[in-house]
Structure formats: C-alpha cells, structure tokens
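Comments concern the structure below.
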Amino acid sequence: MLELFEGRVPVEKTLEKWYQANKERNYGAFVSFVGTIRDEEGIEGLSFDIYEPVLRSWFESWQEKARKDNAIFYMAHSKGDVLLHESSYVAGIFSPKRRVGLEMLDAFVEDFKANAPIWKYDLKNGQRIYAADRSTPMEGAGLLK
Amino acid sequence: MLELFEGRVPVEKTLEKWYQANKERNYGAFVSFVGTIRDEEGIEGLSFDIYEPVLRSWFESWQEKARKDNAIFYMAHSKGDVLLHESSYVAGIFSPKRRVGLEMLDAFVEDFKANAPIWKYDLKNGQRIYAADRSTPMEGAGLLK
Amino acid sequence: MVTVEFLGPIGKEPMNLDVRSLQELKEQLHKDPALTQWLANSSVAINDELVNDMNTLLNDGDKVVLLPPVCGG
Amino acid sequence: MVTVEFLGPIGKEPMNLDVRSLQELKEQLHKDPALTQWLANSSVAINDELVNDMNTLLNDGDKVVLLPPVCGG
C-alpha cells in the first residue's frame, strides 16, 4: 500500500496501522525504514513534489516482485513541506522470513532513491531550492537530448 | 537500550517509544525489524529462556560498534511464552544515514541469531520442546568436549 | 495534438503541441533554450508509461511528461 | 569452590565443584553421561565472560555457566 501525506508522515500511527493490518497474516518478519529530516546545511526543512501516476506504477512493480516471495510492501511519503526532525518517508515490508525482508527493503529503498518520481527542495531562508546536487536522472534520462 | 518482556513484546508501544526518544536527535534514518511467531509445524507458540548477563554484554559490544558510526541500537525480546501471531523480538537502529543503518541492522540480526544467549522452545501439545534443530552453537562451543 | 507537462523543478507551464513523433517533439522543445539542460537529464513518459525508444509513436490526445532528476526520501 | 550453572535446555541443577582449572572442571563434568552431548556443543563463560582458552584459571568463588546452542528471535 502506498500512502501520500501533505506534510510530515505520522510515523507511529503509520507503523501501528501496518503492523495491525498484518500481524494475523502469518508473516514472520516486518522490516521498516523511517527517514527523518536532519538539521544540516542551515536548512529549515525539505519540500517534495511527487508525480503520483508514475510513482504508483513504480510501487506496483515492486509489489509484484514482493508477491513472488509472499511478501508485501508498504510505503508512505510526504508531499509539500516537512520541517526539521519530522519524517518524510516510511517504507516497510512484511515477509515470511527475515532474510527476504531485509534484502528486499534494501533494494527497494535504493531503487526508490534512483527511480521514484519525487523531487526534493531545500527550504532555506524562506525559499524552496531544488536539490540538484543530490538528484539522480531516472532510467532512460536524456531521451530528448 | 535492551528491554526484556515477560511474554510478547508490545510492538507498537516499543517502536513509538524509540522513535519519540530519538526524533529530535538528528538521526536521519531509523531501521527496525519485528519478528512475529508464525503458525507452522503445528506449534501453539514459542517460549524463550534468556541468560541476561551475557546478553547484556553481547548487546553492549554492538552498541559500542554503533557509537563509532554515530548510531544507536535498540532491542526488545520476550522471555517465557509467546503465542502465535504475537511478536517476540524487535530490533532497531537510529543512524545519521540510511546505508549504515540497513547494513548494521542486518549484521546485528545475523549475529543475534548466532551468538545471543537465548534458547527457543516450541510449544506443542502443551509441552515445551527445545528447538534443537534450529539452534546454533555459540562462539567457542565445545571447549569442554 | 499532444499535451506536454514539465514536472518538478522545470517550472514551465504545460504546452499543447502538434507533433506526431518523439523526434518532432524533441525539435519543438529544443526551440526553448531554457529547456536544453532539462532535456539532457530528464526521462520521458507517454500516458504515464516511461519510454526508452525514440521511435515510439505519438497519438492525438497523448499526454507526455518530462521527469527531471529525482531525489525522494 | 566454583559454582557451575547449566543454562537453557540442559535442565540440570547448579553444582558446586572443587576444581582449579578448566581441565579439572572438564573431567568432573564428563562423569555425568547426560552432559556429554552438551559439553560438545556448549560455550563456557566464567563470571559471565565467554572463554575460549582451556588454560584459563579458575578461582575460588568463580561462577561458570554452560551455554548450549542458541536460537533467539
């Protein structure tokens, strides 16, 4: 399941909801990742744009992979502004055994960074500045170069 | 921090407490693992013995490793009986960046399985049966052979 | 007619263009010098499917989006 | 005198033994045939520190524990 939030992700409620929805479903392992905005480089926070249709297909392709291992992915992400020490990203996977969960979550988060259609901006001195230096061209970039 | 519980670990409260205690401390990543008892092989649940002094030193040696990477480990585990679909083990790590967290949690959980002084029993037909086939000799085993 | 949307930091209003191929689209878009850097590092989706092939045909009513470099999380 | 505790599934009451070395301890413990299998796969801690060296000395009042194969989680 993929959930988007205006502003920060409510981490505790999100993890609780996922856990509750799956605890009786005979998964032995639940591995999760929470990303929180760090106070660094003088930023006041981060801000995100998301292109939802492509994000949903990207997520579905991972859900498909997970299904083959009898696992299931969850993800929550922020749109708009997220302030320092708030969380913008939560990902989780339920799997029968821990090894599959740990490995798939790792691969998922890596691919997420490279290919999920989300744009990040620093909030600095009241401005919203594209994080160009930390951004990665997606698969197939430069087709119209 | 290492916490032991009689019976199941209260997962949501535990994750919430860890998250709350650390969200303002400028960690960018929180990776966690929850282990839940699967309904398999006809068991009614699992039961655990723990030797706490050696578990605490084992945990402290990991905490020491984490400290070098400015990370911090958390762990909660059950003593005694844990029933089907209840959770017996929660581990988490807060780190500045996600890569360190994912890798250290993976190594931590692997070493936990091999070297934490915890003994597992199947609860089956009202009996408590040592899970010999799934158990691993600890480092240095057989010294008095 | 196809509509073209420019996502994230590109910050350009959507356009309607009368183009029948990615080649034609490319030529049209290169007329705007502000787009040159973005064309070099953006991916392209037609009707929300990423495409890798310059020979992909465009049909009337197609929605094309340009996706610049990403950074989620 | 040292005390010896048998952890987890070994299921044997603690013993007090008058031994001065791991070698002596080993000989004493091998007198109980029920322990043979456990001695082959158990680790040993003295005063809650795991030991790997048969030459480690035992002092009066030491606590020795035998840790059979583990499986947490």
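Small disclaimer: the values here were computed from a predicted structure and weren't measured. Each chain gets a letter, A, B and so on, in the order its sequence line appears, and its residues count up from 1.
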- Query: Can you tell me how far CG of Leu7(C) sits from CD1 of Ile50(A), rounded to the nearest 0.5 angstrom?
  - Reply: 12.0 Å
- Query: Ile118(A) and Val70(C): side chain to side chain contact (heavy atoms under 4.5 Å, CB included), yes or no, with the steps?
  - Reply: CA-CA 5 Å; Ile118(A) 302 184; Val70(C) 296; 5.5 Å; no
- Message: Taking side chain as everything from C-beta outward and backbone as N, CA, C, O, which of these in Val65(C) sits under 4.5 Å from a heavy atom of chain A? Side chain, backbone, both or neither.
- Response: side chain
- In this structure, are over 12 heavy atoms from other groups packed under 6.0 Å from Glu49(C) atom CD? no
- Please look at Thr136(A) and chain C and tell me whether the side chain, the backbone, both or neither of the residue comes under 4.5 angstrom of a heavy atom of that chain. both
- With respect to Ser135(A), which candidate in Pro69(C), Pro9(C), Pro68(C) satisfies the side chain to side chain contact (heavy atoms under 4.5 Å, CB included) definition? Pro69(C)
- Task: Step through the shown structure and confirm whether more than 12 heavy atoms of other residues, nucleotides or ligands are within 6.0 Å of NZ on Lys97(A).
- Result: no
- Measure Leu35(C) against the heavy atoms of chain A and call it side chain, backbone, both or neither at under 4.5 Å. neither
- Item | Ring center gap for Trp38(C) and Tyr130(A) short of 6.0 angstrom | yes
- Item | Option in Trp58(A), Trp119(A), Tyr89(A) with maximal non-hydrogen atom pairs under 4.5 Å from chain C | Trp119(A)
- Atom SG of Cys71(C) and atom OH of Tyr121(A): how far apart are they, to the nearest 0.5 Å? 11.5 Å
- If every non-hydrogen atom of Gly72(C) is compared with every non-hydrogen atom of Lys113(A), which pair is closest and at what distance? O-NZ, 2.7 Å
- State the OG-NZ distance between Ser42(C) and Lys145(A), to the nearest 0.5 angstrom. 12.0 Å
- Message: Just so I understand: if I count every heavy-atom pair under 4.5 Å between each of Ala132(A), Ser78(A), Pro53(A), Gly35(A) and chain C, which residue has the most?
- Response: Pro53(A)
- Message: So for Phe33(A), is it side chain, backbone, both, or neither that comes closer than 4.5 Å to the heavy atoms of chain C?
- Response: neither
- Please round to the nearest 0.5 Å and tell me the distance separating atom CG of Asp49(A) and atom CD1 of Ile10(C). 11.0 Å
- Query: Near Arg99(A) CZ, under 6.0 Å, is it more than 12 heavy atoms from other residues, nucleotides or ligands?
  - Reply: yes
- Within a reach of under 6.0 Å around NZ of Lys13(A), are more than 12 heavy atoms found that belong to other residues, nucleotides or ligands? no
- Please determine, among Asn52(C), Asp48(C), Asn41(C), Leu22(C), the option with the most heavy-atom pairs under 4.5 Å with chain A. Asp48(C)
- Please look at Ala116(A) and chain C and tell me whether the side chain, the backbone, both or neither of the residue comes under 4.5 angstrom of a heavy atom of that chain. backbone
- Task: Heavy-atom distances under 4.5 Å only: say whether Leu29(C) touches chain A with side chain, backbone, both or neither.
- Result: side chain
- Query: Quick one: CD on Gln28(C) to CG on Leu144(A), what's the gap to the nearest 0.5 Å?
  - Reply: 12.0 Å
- Rounded to the nearest 0.5 angstrom, the CD-CG distance for Glu139(A) and Leu50(C) is 7.5 Å
